[in-house]
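Here is the structure we will look at.
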Amino acid sequence: MSQATEVVGNPYAAELAAAKKAVALAARLCQRVQRSILHSDIQSKADKTPVTVADYGSQVLVCLVLKKELPSHSFSIIAEEDSKDLREDGAQEIIEHITTLINETIVNDGSYNMSLSKEDVLSAIDGGKSEGGPSGRHWILDPIDGTKGFIRGDQYAVALGLLDEGKVVLGVLGCPNLPLKSTNKNNSSSFGDRIGSLFFATIGCGAQVEALEGSEPQKISVCSTNNPVDASFFESFEASHSKRDLTSSIAEKLGVRAPPVRMDSQAKYGALARGDGAIFLRIPHKSYIETVWDHAAGSIIVTEAGGMVKDAAGNDLDFCKGRYLDRDRGIIATNKHLMPLVLKAVQEAMKEEQ
Ligand SMILES: Nc1ncnc2c1ncn2[C@@H]1O[C@H](COP(=O)(O)O)[C@@H](OP(=O)(O)O)[C@H]1O
Ligand SMILES: [Mg+2]
Ligand SMILES: [Mg+2]
Ligand SMILES: [Mg+2]
């Protein structure tokens, strides 16, 4: 489909074009950092989860591109990172490194003739403090989702969504390490062996994928199986993010035969949306509270590809309660045939949980 046909009838065409540009540019910075990541590029946050120079750099670049490309829009963004740790004593070197990475990425891209100072970088990071909510428009950004995968050299995603009057209306997922070709033979395309996938969707317009560095977009859809025996399921690579005793008991109840496909980040939602697997299970420990940026982009890509995304009680995810997701524990994504069966198995497994 050409760019021109893509925008016809899409009320979010301008926002989608800006979001794709923002995610693609941020992904370039991430790819460069991942190729030669150093110990000094990584910090530990107060909650003991990691953050890298690329998480900060990606957040700044996404905000910068959205503001440049949509100058007449008021700008509110709920983003994962803040500058608190970068404002502590001893962080000068890391801020300098982040600033250099951002400025070099801007120069190499050539779209904007500008250079940011260290203070510009810190205040751009802090621009992500919006509380979102049910009214107005708010971007939702995970500058690197799957930071642990990113550090390991595995999958990660730059994930950007748009909330409009309480509903996620647009999502873009940049997955630099995900092959463009689906592993589902029924969805095989002419994409060859290229690595780097950009998934995107706007409400009512379907979901598509193209090469991260640009190619003709292709419509995608979730796999259509109605038999769980033929289904495979995705779960987190990190064992601490989703309880494996529960996911394996759910798979057993469903009769799923294939072993789980373990992958970091919302790349799982992208892979599910194009039919690489049939079910995504995320059942964190009871005390864990989900954030909106971990699911906004991925969930609209799956629903626009014909799938469903629910919490463990079968409710839709509610993205308009602020920075945290208001949901019953657990997130399940699958197609419309399998959802009732998976929900039943999830609820049974949770009842039996020790
Ligand atoms: N103990 C925990 N339980 C569940 N999720 C966790 C977690 N610690 C971190 N996470 C979240 O899991 C996300 C990665 O998801 P996945 O498991 O699908 O790779 C992380 O996103 P970030 O990497 O953006 O911080 C983080 O928000
Ligand atoms: Mg994080
Ligand atoms: Mg995340
Ligand atoms: Mg993140």
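Indexing begins at 1, ligand by ligand and atom by atom, following the structure's order. Every heavy atom of this structure was used, including side-chain atoms; hydrogens, water molecules and symmetry mates were not.
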### Side chain, backbone, both or neither: R282 near ligand 1, heavy atoms under 4.0 Å
side chain
### Message
Using only atom types and a distance under 3.5 Å, with no angle test, would you say the side chain of S221 pairs donor to acceptor with the backbone of A305?
### Response
no
### Query
Relative to ligand 1, is E290 under 4.0 angstrom through side chain, backbone, both or neither, heavy atoms considered?
neither
### Query
In ligand 1, which numbered atoms sit nearer than 4.0 Å to a non-hydrogen atom of S236?
16 (P), 17 (O), 18 (O)
### Query
Going by an N to O cut-off under 4.0 Å, is there a salt bridge joining E238 and R152?
yes
### Query
Counting backbone and side chain alike, does G146 bring an N/O/S atom below 2.8 Å of the Mg ion (ligand 4)?
no
### Close N or O approach (T49, ligand 1; < 3.5 Å)
no
### Query
What is the name of the N/O/S atom in D294 that sits closest to the Mg ion (ligand 3)?
OD1
### Query
Rounded to the nearest 0.5 Å, how far apart are CG of D55 and CD1 of I144?
4.0 Å
### Query
In the protein, what heavy atom is nearest to atom 27 (O) of ligand 1, and what distance, to one decimal place, separates them?
D294 OD2, 2.5 Å
### Message
List ligand 1 atoms under 4.0 Å from D145, heavy atoms only on the residue side.
### Response
13 (C), 14 (C), 21 (O), 22 (P), 23 (O), 24 (O)
### Query
Under 6.0 Å from the CZ atom of F75, do we count more than 12 heavy atoms belonging to anything else shown?
yes
### Message
Can you report which non-hydrogen protein atom sits closest to atom 19 (O) of ligand 1, along with the distance?
### Response
S265 N, 2.7 Å
### Summary
the Mg ion (ligand 3) has as its nearest N, O or S atom from D142 the atom OD2
### Sub-4.0 Å atoms of ligand 1 with respect to non-hydrogen atoms of T147
23 (O)
#### Entry: Reported OG1-to-CG distance for the pair T334 and L272, which is rounded to 0.5 angstrom
6.5 Å
### Task
Look only at interatomic distance and state if T291 has a nitrogen or oxygen under 3.5 Å from any nitrogen or oxygen of ligand 1.
no
#### Entry: Note: R87-E119 ion pair, threshold 4.0 Å (strictly below)
yes
#### Entry: Close approach, S240 and ligand 1, non-hydrogen under 4.0 angstrom
yes
## Note on the structure
For the Mg ion (ligand 4), the nearest N/O/S atom on E80 is atom OE1
### Query
Is it true that a side-chain atom of K48 and a backbone atom of K45 form a donor plus acceptor pair closer than 3.5 Å?
no
### Task
Find all atoms of ligand 1 within a distance of less than 4.0 Å from any non-hydrogen atom belonging to D264, and give their numbers and elements.
19 (O)
### Task
Considering only non-hydrogen protein atoms, determine which one is nearest to atom 18 (O) of ligand 1 and report residue, atom name and distance to 0.1 Å.
K268 NZ, 2.5 Å
### Task
Identify the residue among L254, I250, V256, I332 that makes a side chain to side chain contact (heavy atoms under 4.5 Å, CB included) with F233.
V256
### Query
What do we get for H241 next to ligand 1 when only non-hydrogen atoms under 4.0 Å count, side chain, backbone, both or neither?
both
## Note on the structure
Taken to the nearest 0.5 Å, the spacing of L141 CG from S58 OG works out to 6.0 Å
### Query
In ligand 1, which numbered atoms sit nearer than 4.0 Å to a non-hydrogen atom of D142?
24 (O)
#### Entry: Enclosure of D47 CG (heavy-atom neighbours >12, cutoff 6.0 Å)
yes
### Task
Please work out which of A239, G146, P284 has its closest non-hydrogen atom nearest to atom 22 (P) of ligand 1.
G146
### Query
Is there an N/O/S atom in D145 at a distance below 2.8 Å from the Mg ion (ligand 3)?
yes
### Query
Just wondering, more than 12 heavy atoms not from E252 lying within 6.0 Å of its CD?
no
### Query
Side chain of S265, backbone of Q155: donor and acceptor closer than 3.5 Å?
no
### Query
Out of curiosity, is E80 lining ligand 1, as in a heavy atom under 4.0 Å away?
yes
### Message
Give me the residue, atom name and distance of the protein heavy atom closest to atom 10 (N) of ligand 1.
### Response
Y288 OH, 3.3 Å
